Each structure stands twice: as structure tokens, then as C-alpha cells.
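Structure first, then comments.
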Amino acid sequence: MSREYSEQEVIRRDARAQLDAAGFPPYGYSWDVTHHAASIIDDFDETLHQPVEGVAKVPFRVSVAGRVMSMRIMGKAAFFNLQDQSGRIQVYISRDDLPEGYYNTIFKKLVDIGDVIGIEGFVFKTRVGETSVHAQRFEILAKALRPLPIEKEVDGKVFNEITDKEYRYRQRYVDLVVHPEVRKTFQQRARMITTMRSFLDERGYVEVETPVLQPLYGGAAARPFTTRHNALDMKLYLRIADELYLKRLIVGGFDGVYEISKDFRNEGLSRFHNPEFTMMELYVAYKDYNWMMDLVEEMVETIATVLHGSTDLTVGDNTISFARPWKRIPLFEAIEEKTGHDLSGLSRDDLATVAKKLELDIDDTMGSGKLIDEIFGEFVEPHMIQPTFITDYPIELSPLAKKHRTKEGLVERFEAICNGKALCNAFSELNDPDDQRSRFEDQVGLGMRGDAEAMQLDEDYLRALEYGMPPTAGLGIGIDRLAMLMTNSRSIRDVILFPLLRPEVEESAAETE
RNA sequence: GAUCCCGUAGCUCAGCUGGCAGAGCAUCUGACUUUUAAUCAGAGGGUCCCUGGUUCGAGCCCAGGCGGGAUCACCA
């Protein structure tokens, strides 16, 4: 289906045709890049490289490639800015340094802002002192047929900046070209994951891959996506967590395994939720949740230091210190601190009374675990800015966690809360298969009563536990949430390159509806 | 899902009480060999999100719809 081109697109398509006609390829095959913008600026030494009357003591010859970001044509010479992955460098190009016709008929007429070009020349400093490349040869590597919304910055004021969030998320390629800080966010995200991976590898934990397509889903309270395998004529779920497969590997004799992968939960979208998100899960044999708290602290502190050279980060309006040790406080104590109510040992009805007193919206279907969770989520979690371990959760909320060794009705579980949001979830793993079976049965009961997020009973997982799983500490950490903290991003969509959006409506399709 | 806000040129936005559709950047033509928001002179560019209504007349008022954003609520 053909589309009507805008005026600027018509002009650019015509320019491409003229390049073809002139035997000047609009799409090159390769370009030998010797330097990047940032390194040229760093390495330029005026005493050696600056030409005097056209001759430098040591010529600084470079070959660069990138996108044309601005253009200042002044008759027989021109300046433009070239952007590559490292930054921007100014290029000077003049008629007399190029073969006959290249400047006037090719460069001046047929090269546009947005084109990807290769430049070969030598480095010099202009009268006003800007390090620049004096071009002696150029090729067009990719002609841009659409105009780029490139912004201009003057005295800190920005013109033409793309502010339409939808545009930025849908056409992330454009967002990345025009917003260098977006590229930086994703470079930092990559570095964060690399740091985490080496942190875990150094300790001897093995990175593994477990199924995304699962006949049964489990390991978290969430609604799954469903799909179908044709040849086996079999209903499959996209995983909501890696947990149950990873613990099977602990049974199998791995002492430490981890996986960094996408999980999928069929839930609403928000500033903190994307239906597919990245999770790191780690399981270490012979350890418990106290040990795991030490590891989380050390890992996150390491990441902050590697990324920012400091354990203290600015996140929104707050300065957050990831320096060890983090505060550790049992769930009930944290609630009592904020609300004045000690919930320990309260019956379901007493909890409901407290919740009503605190003016929470509750209903009769909520069990005691859910009520405690509501009170915590409303009065405690949003106010915890500095990283804090909340420990010892009610057993109803944690069907895969081991009973607390001393506290009745609780499990050995913790969450790290930071900037008002849970960052990770961890526990001493339940390894008694009979206890696990009865917890699964409770979940199935919840599911029959209409809880769409209840877990399924996984017989094969129970079979694995029956062979004996060593005591194990388990951890799940939301990579996107951590990336938001580490890059000071307000929305999860700012740390996911291509967040899920409603399908784009075609202009023509919209008309026929 | 609920509430609030938004939709005008390629981009950012203005458009009064309802009275000829505007600016900057970008684009095009011309001048200009160290500019940097280059400068100077000129030009073109619009389904004002869609549908309907009120009106002599709608970008503006009304109704419905579509799309987006922000806030709120649950799992990370």
C-alpha cells in the first residue's frame, strides 16, 4: 500500500535518485572507522596536530562515520556536526579539498541532515577553538529519506525537542538518535547486568536457561499468558517466574544457579509494570535468607559503585545510599512503627478491624495475609526510601517459603524495599515435600474460589523435592526496577527499549473504521 | 479499570469573546571559504485526531468516538 510522501520526503527521495544518476551510491557497503568523536576530541594535541599553513608537525589523520546532525553552509565551504556512538564531532568541508563537483553538486545539494556518512581527513582546531575534522573524502553510507526531528540547543534552551512520549517509545530508533541520554540509560542498564553477572560468576554460580514455554506455570502469584504448541496440540503458558525449574537444578546437584531472563505476567500496564520484564533469580544450596540479605546488599552496592563511582545516588528528589549494611526490620515491627498497631498473633477478624480503623478498603474475601499485605503496602512501603530489608512474612502469602524457625505463622522471607517499591523478594526455600504439597493444595483451593493469581499444583516439582533438596536460599530481583533506580528513571518504559504499546493505528485503516 | 489533562505544518508550540490558519526550527531558491542557534534576501508547506450537532459562520461551543499522557489501585 503506497503512502503519500511529505514535501521533505519527496525532496529526499529525489536527492537519492540524483545520487544514483550521478553514480554516487546512496547506500555504501562499509566504511573503515579508525576513530570515534569522543576519542578525537580527547586525543587532539594542539602542539603536535594543529596545522600551520596547512602542515602539522604530526598529522592527525582520521576516518569517522556517523549521522549528520546539523549543517552550516557558507558558499564554498561548510561545517556540519557528525554524531557517532561516542558523541559529536564537527566536520569542515570545502570545495577545493574535494574532487571536482563533489562539493557543489553532491555535498551541498544532495547531503541532508540525518544522512549517515563516512568522512576521511585530518583533525584541526578552528579559530574559535573547536576540534574538527577537515574532510578530504566522503561517502554517503545511508541516505535518510525521512527528516529527523533533531533538536537545537542554545544557551541551555532546547528547540524542537521531541516530547511526545508515544513517539519516543514507538520509534525508539529516533529517540536514540536525538536523545544521547537515552542511549546512556541503556548502556548503563547493560553495564548493570554485566556487573551482576560477573558478581555471580565470580562466586561460582552457574548461569542456566530454563523453559519459557511451560505446561504448568508457577513460582509467583500472577496471571499467565497462554499459547499453544501445534504439533503436540498442547496448551502452554509463558513463564511467570523461573523459580520451580531452578530449584529442580539444586536437587540435581548444582550448588548455585542463576538465570537472567524475561518473565511474562498478564496484568495491567503502569509506570512500574510492563507485561514482559526481566528478572534475575538466584538459588544457592546450604544457605538461608540471612545469608542472602548479605549477598543482595553487597551486589547492589557493587553495582552502584561500578556505575556511578559512589554508593549514594540521586533518585527523583531523594538521595539513596546503597552502602552496606542496610536496615533490617521484621514486617510486623515495621508496621507497628508506622501505624502503632502490633499485628503479631492477631486473628483474621482482628486484622480486619485494624484495617478498618486505618480506613482501608477491605472485603470479606481477604485472608489475614492479604490484610497484612494491604496495611504494609499502604502505610509502610511507600515511605521507605533508603534500602531496607523487611523480613518474616505471613505464611499465607508465601507458599514456596520455609516456615520460620522460631516465629509461628511466619516464613523466612524478605523483601528489599527502596524508594517506596519492592526491589527483590527472597526466602529460605521450602524443601519439605509434604509441607509443599499442602501449601500447593491451599493454593488450588484459592484458585477454585476464584483467585486468578493462585498457583497450580506441580507434581513433578514435588517429585523432585521428594528426592531431597538441600536447604537453599532463593532470590528474585526485578532488573527493570533496579535499572530505574540506577538510572534515575521515573517510568519502567524508560529502561525498556521497546515497551508494550497498543498497536499503532494506520492512517488509512483509521479512516475506514 | 477510575479521575484529570492533551491532540493545529516534518518538530516544538501560539491561536483572544466563534469572524481570511500563525511563529521559530526544518525544507526549497539565491548570496557567502574557519561557522557553531552561522548570517542575509526570498519561497513553498495544513484532513486544525474522527463523526455528528449548534450557528450566517466552528481550530475555538456541545455530544459521541479514537489515540496519547499523568495520577490512583495489584503483582517485580
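All values derive from a computational prediction rather than experimental measurement. Letters go in sequence order (proteins before strands), and every chain restarts at 1.
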Worksheet item: Does Lys421(A) make a cation-pi contact with Phe272(A), if we ask for NZ or CZ under 6.0 Å from the ring centre and within 45° of the axis?
Response: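 Verdict for Phe272(A): a cation-pi partner in Lys421(A).
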Worksheet entry | Steps toward side chain to side chain donor-acceptor pair (under 3.5 Å) verdict (Thr210(A), Asp242(A)) | CA-CA 7 Å; Thr210(A) 64; Asp242(A) 310 353; 4.9 Å; no
Of the listed nucleotides [options], the one nearest the side chain of [X]:
X         : options                : value
Arg490(A) : U27(B), A70(B), U36(B) : A70(B)
Asp112(A) : C28(B), G10(B), C32(B) : C28(B)
Phe79(A)  : A26(B), C74(B), U34(B) : U34(B)
Gln90(A)  : C11(B), G69(B), U35(B) : U35(B)
Arg127(A) : U35(B), C11(B), C28(B) : U35(B)
Arg170(A) : G68(B), U34(B), G30(B) : G68(B)
Met74(A)  : A38(B), U36(B), A73(B) : A38(B)
Thr126(A) : C74(B), U35(B), C28(B) : U35(B)
Tyr167(A) : C11(B), U71(B), G30(B) : C11(B)
Gln8(A)   : A26(B), C74(B), U35(B) : A26(B)

[atom1]-based separation of [M] from [N] [nearest Å]:
N      : M      : atom1 : value
C50(B) : A58(B) : P     : 14 Å
A26(B) : U12(B) : P     : 15 Å
A14(B) : G53(B) : C1'   : 28 Å
U27(B) : A70(B) : P     : 31 Å
U71(B) : C13(B) : C1'   : 25 Å
G19(B) : G57(B) : C1'   : 7 Å
U51(B) : U8(B)  : P     : 16 Å
C48(B) : G22(B) : C1'   : 12 Å

Check the phosphate of [N] against [X], side-chain N and O only, distance under 4.0 Å to OP1 or OP2. Yes or no?
X         : N      : value
Arg493(A) : G69(B) : yes
Lys165(A) : A70(B) : yes
Arg271(A) : U71(B) : yes

Could you state the atom-to-atom distance from [atom1] of [X] to [atom2] of [N] in whole Å?
X         : N      : atom1 : atom2 : answer
Phe122(A) : U34(B) : CZ    : P     : 14 Å
Lys421(A) : A73(B) : NZ    : P     : 8 Å
Leu269(A) : C74(B) : CG    : P     : 17 Å
Phe124(A) : U34(B) : CZ    : C1'   : 6 Å
Tyr5(A)   : U27(B) : OH    : C1'   : 18 Å
Lys108(A) : U27(B) : NZ    : P     : 15 Å

Worksheet item: Counting distance only, does the side-chain N/O of Ser86(A) pair as donor-acceptor with the main-chain N or O of Ala37(A) below 3.5 Å?
Response: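 Checked: pair present.
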Fill in: Side-chain (Arg67(A)) to main-chain (Gly114(A)) donor-acceptor, under 3.5 angstrom
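Yes, Arg67(A) side chain to Gly114(A) backbone: donor-acceptor pair under 3.5 Å.
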Does [N] pair with anything, Watson-Crick or G-U wobble, both distances under 3.5 Å, and if so, with which nucleotide?
N      : value
U29(B) : A41(B)
G57(B) : none
G67(B) : C6(B)

Worksheet item: When the nearest nucleotide of RNA chain B is assigned to Glu381(A) and to Glu130(A) on a heavy-atom basis, which residue is associated with the more 5' position?
Response: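 Whichever sits nearer the 5' end wins; that is Glu130(A).
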Worksheet item: Mapping Ser491(A) and Ser270(A) onto RNA chain B by nearest heavy atom, which one lands closer to the 5' end?
Response: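 Its nearest nucleotide being more 5', the pick is Ser491(A).
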Worksheet item: Between Glu374(A) and Lys370(A), is the closest basic N to carboxylate O distance under 4.0 Å?
Response: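 The answer is yes: the pair qualifies as a salt bridge.
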Worksheet item: Does the pair Arg239(A)/Glu259(A) count as a salt bridge with the N-to-O cut at 4.0 Å?
Response: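 Yes, this pair counts.
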Worksheet item: Under 3.5 Å, is there an N or O donor on one side and an acceptor on the other linking the side chain of Arg72(A) and the base of U35(B)?
Response: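 For Arg72(A), whose side chain was compared with the base of U35(B), there is a donor-acceptor pair (under 3.5 Å).
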Worksheet item: So, for Phe122(A) and Phe60(A), is the gap between ring centers shorter than 6.0 Å?
Response: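 When the ring centroids of Phe122(A) and Phe60(A) are compared, they turn out to be at least 6.0 Å apart.
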Item to complete: With heavy atoms under 4.0 Å as the rule, sort Gly75(A) into base, sugar-phosphate or nothing.
Response: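 Gly75(A): base contact, heavy atoms under 4.0 Å.
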